[in-house]
Amino acid sequence: MYAYKLYVYNERFVGWYDLTQQNEWFSILRVDGLNPPAANINTSTGGTLDGTFFNSARLGQRNIVITIMPHGDIEVNRQKLYNLFPVNREIQLRFKNGNRDVKITGYVESFEGSLCDFPQTFTISVICPRPFFEDHTTTTITLPDESAFRNDGDIKNGVIMRINISSSLSHEAVRDLKITNYSTGEYIGFTAGFIHDDTIVISTIAGELMAEVRRSSLPNPVNLLRNLSDGSTWLKTKFGENAFTFTTSNSTEQYVNLQISHTNQFIGV
């Protein structure tokens, strides 16, 4: 029995495919790359000073390597693995153990192994450009009814905000919307007016930063980056509880329905 579960998903299959429950078809011999990836530390020297100065640090990409042995009809089950792990294609991996259920997106780099060995084994390399595992579930709160959630992950990460404007006014209803993470003091605001049925979508997730308004009278979303108010930041969560609030400059908060979605991220399983 495995002390964990490993699933794979790609567009050819419906739902998650449980690799650890297919013992009659193949066995997982080894999974590498589940621990935190190595960091790139940038330093510089300073004259005759011993040692170096720290400049910056960043995590590199994650490389998950899975070693699998096919059973039964070796030809059929090897080809099933080809479909599960298509080289040069995007897949998702999901890892579940006693206290974490997480997923990560990657690209199949290689599928190696000798067809002449007995028993046959295959090594599958998956490159994950974004190194963090994400919780399989996402927390969503709706303001003003709810205002707080917990970041129980390993990093201070961003959120996705979706705002719907619902007003009986025929003209500009909401002005200068400002959303604040009360727990950190950071805010993001817009020097713009919004009308009934507008939908504002904001992502403060690294690598996915965006802010736009979708309006029924316009064919395409309108970028709001030029409307960012002074002092705005791409809101990040802190560890533990994060409490949010929002304001407008014309006291029209009752027309604003704000949903904030957050997913815990982890540096390893």
Side-chain angles (χ1 to χ4, degrees), residues 11 14-15 90 92 103 105 130 132 134-153 155-265:
E11 61 185 12
V14 177
E90 178 182 296
Q92 286 187 313
K103 61 185 178 180
T105 298
R130 298 292 298 164
F132 303 113
E134 291 188 339
D135 242 335
H136 186 59
T137 57
T138 295
T139 298
T140 300
I141 60 172
T142 301
L143 280 72
D145 297 331
E146 306 166 278
S147 62
F149 61 80
R150 289 186 58 82
N151 178 1
D152 290 320
I155 68 168
K156 300 176 181 179
N157 60 348
V159 297
I160 293 177
M161 293 177 274
R162 186 180 181 90
I163 304 109
N164 294 110
I165 307 299
S166 179
S167 169
S168 59
L169 302 177
S170 59
H171 57 283
E172 183 178 285
V174 172
R175 186 76 194 177
D176 299 327
L177 179 64
K178 179 181 177 182
I179 305 159
T180 302
N181 184 342
Y182 187 77
S183 303
T184 64
E186 294 181 332
Y187 66 86
I188 186 169
F190 304 95
T191 57
F194 304 106
I195 62 175
H196 172 68
D197 218 25
D198 275 356
T199 298
I200 303 112
V201 180
I202 306 164
S203 172
T204 67
I205 299 172
E208 303 175 18
L209 302 178
M210 57 88 73
E212 64 183 25
V213 59
R214 301 168 185 174
R215 183 167 291 173
S216 59
S217 62
L218 299 175
N220 298 307
V222 176
N223 195 320
L224 289 173
L225 294 184
R226 65 179 182 178
N227 299 108
L228 286 173
S229 58
D230 291 341
S232 289
T233 63
W234 296 106
L235 298 181
K236 292 293 183 285
T237 61
K238 70 179 187 67
F239 299 127
E241 185 168 285
N242 291 262
F244 288 79
T245 186
F246 64 88
T247 59
T248 65
S249 64
N250 57 346
S251 301
T252 52
E253 288 81 4
Q254 71 269 29
Y255 301 137
V256 177
N257 179 277
L258 168 60
Q259 286 189 332
I260 301 178
S261 297
H262 174 261
T263 304
N264 292 325
Q265 292 185 313

To check you understand the geometry: which heavy-atom pair defines the closest contact between T105 and Q92, and what is its length? OG1-NE2, 3.3 Å
Take L228 and I188 through the side-chain contact (heavy atoms from CB on, under 4.5 Å) test and state the conclusion after the steps. CA-CA 7 Å; L228 286 173; I188 186 169; 3.8 Å; yes
Nearest heavy-atom approach of K236 to K156 is CD-O, 4.1 Å
State which residue, out of V174, V213, L225, I202, fulfils the side-chain contact (heavy atoms from CB on, under 4.5 Å) condition with F190. I202
Is any side-chain heavy atom of I160 less than 4.5 Å from a side-chain heavy atom of I260? no
Can you check whether F244's main-chain N or O pairs, donor with acceptor, with N181's side chain at less than 3.5 Å? no
Identified side-chain hydrogen bond (donor to acceptor under 3.5 Å, both in side chains) partner of H262 from the options N157, T139, D135, T140: N157
Point-to-point distance, once rounded to the nearest 0.5 Å, from OG of S217 to CD1 of I195: 5.5 Å
Heavy-atom side-chain contact between T247 and K178 under 4.5 Å: yes
Does the side chain of T252 pick up a donor-acceptor pair with the side chain of N250 at under 3.5 Å? yes
Sequence-distant partners of N257, side-chain hydrogen bond (donor to acceptor under 3.5 Å, both in side chains), two or more places apart: none
Minimal heavy-atom distance between W234 and M210, with the atoms involved, is CZ3-O, 3.6 Å
When you compare the side chains of T138 and S261, does any donor N or O come within less than 3.5 Å of an acceptor on the partner? no
Keeping the roles fixed (side chain from T204, backbone from L235), state whether a donor-acceptor pair exists under 3.5 Å. yes
Tell me every residue that passes side-chain contact (heavy atoms from CB on, under 4.5 Å) with A243, counting only those two or more places apart in sequence or in another chain. A148, Y182, S183
I'd like to check the side-chain contact (heavy atoms from CB on, under 4.5 Å) partners of T191; sequence neighbours left out, ordered by chain and number. D176, N227, S229
Judged by modelled atom types alone, do N242 and T184 share a side-chain donor-acceptor pair under 3.5 Å? no
Shortest non-hydrogen separation from K238 to N151 and the atoms involved: O-CB, 3.2 Å
Quick one: which of I163, V256, L224 gives a side-chain contact (heavy atoms from CB on, under 4.5 Å) with F194? L224
Within the 4.5 Å heavy-atom criterion, are P144 and E253 side-chain neighbours or not? no
Qualifying salt bridge (Lys or Arg N to Asp or Glu O under 4.0 Å) pairs, either residue in residues 202-218, two or more places apart: D198-R215, E212-R214
Which residues pass the salt bridge (charged side-chain N to carboxylate O under 4.0 Å, His left out) test with R162, sequence neighbours left out? none
Determine whether T233 and Y187 satisfy the following criterion, side-chain contact (heavy atoms from CB on, under 4.5 Å), listing intermediate values before the conclusion. CA-CA 6 Å; T233 63; Y187 66 86; over 6 Å; no
On a heavy-atom basis, the closest approach of N264 and G153 is OD1-N, 3.5 Å
With D197, which residues qualify under salt bridge (charged side-chain N to carboxylate O under 4.0 Å, His left out), at least two apart? none
To the nearest 0.5 Å, atom OG of S147 lies from atom CD of E241 at 7.5 Å
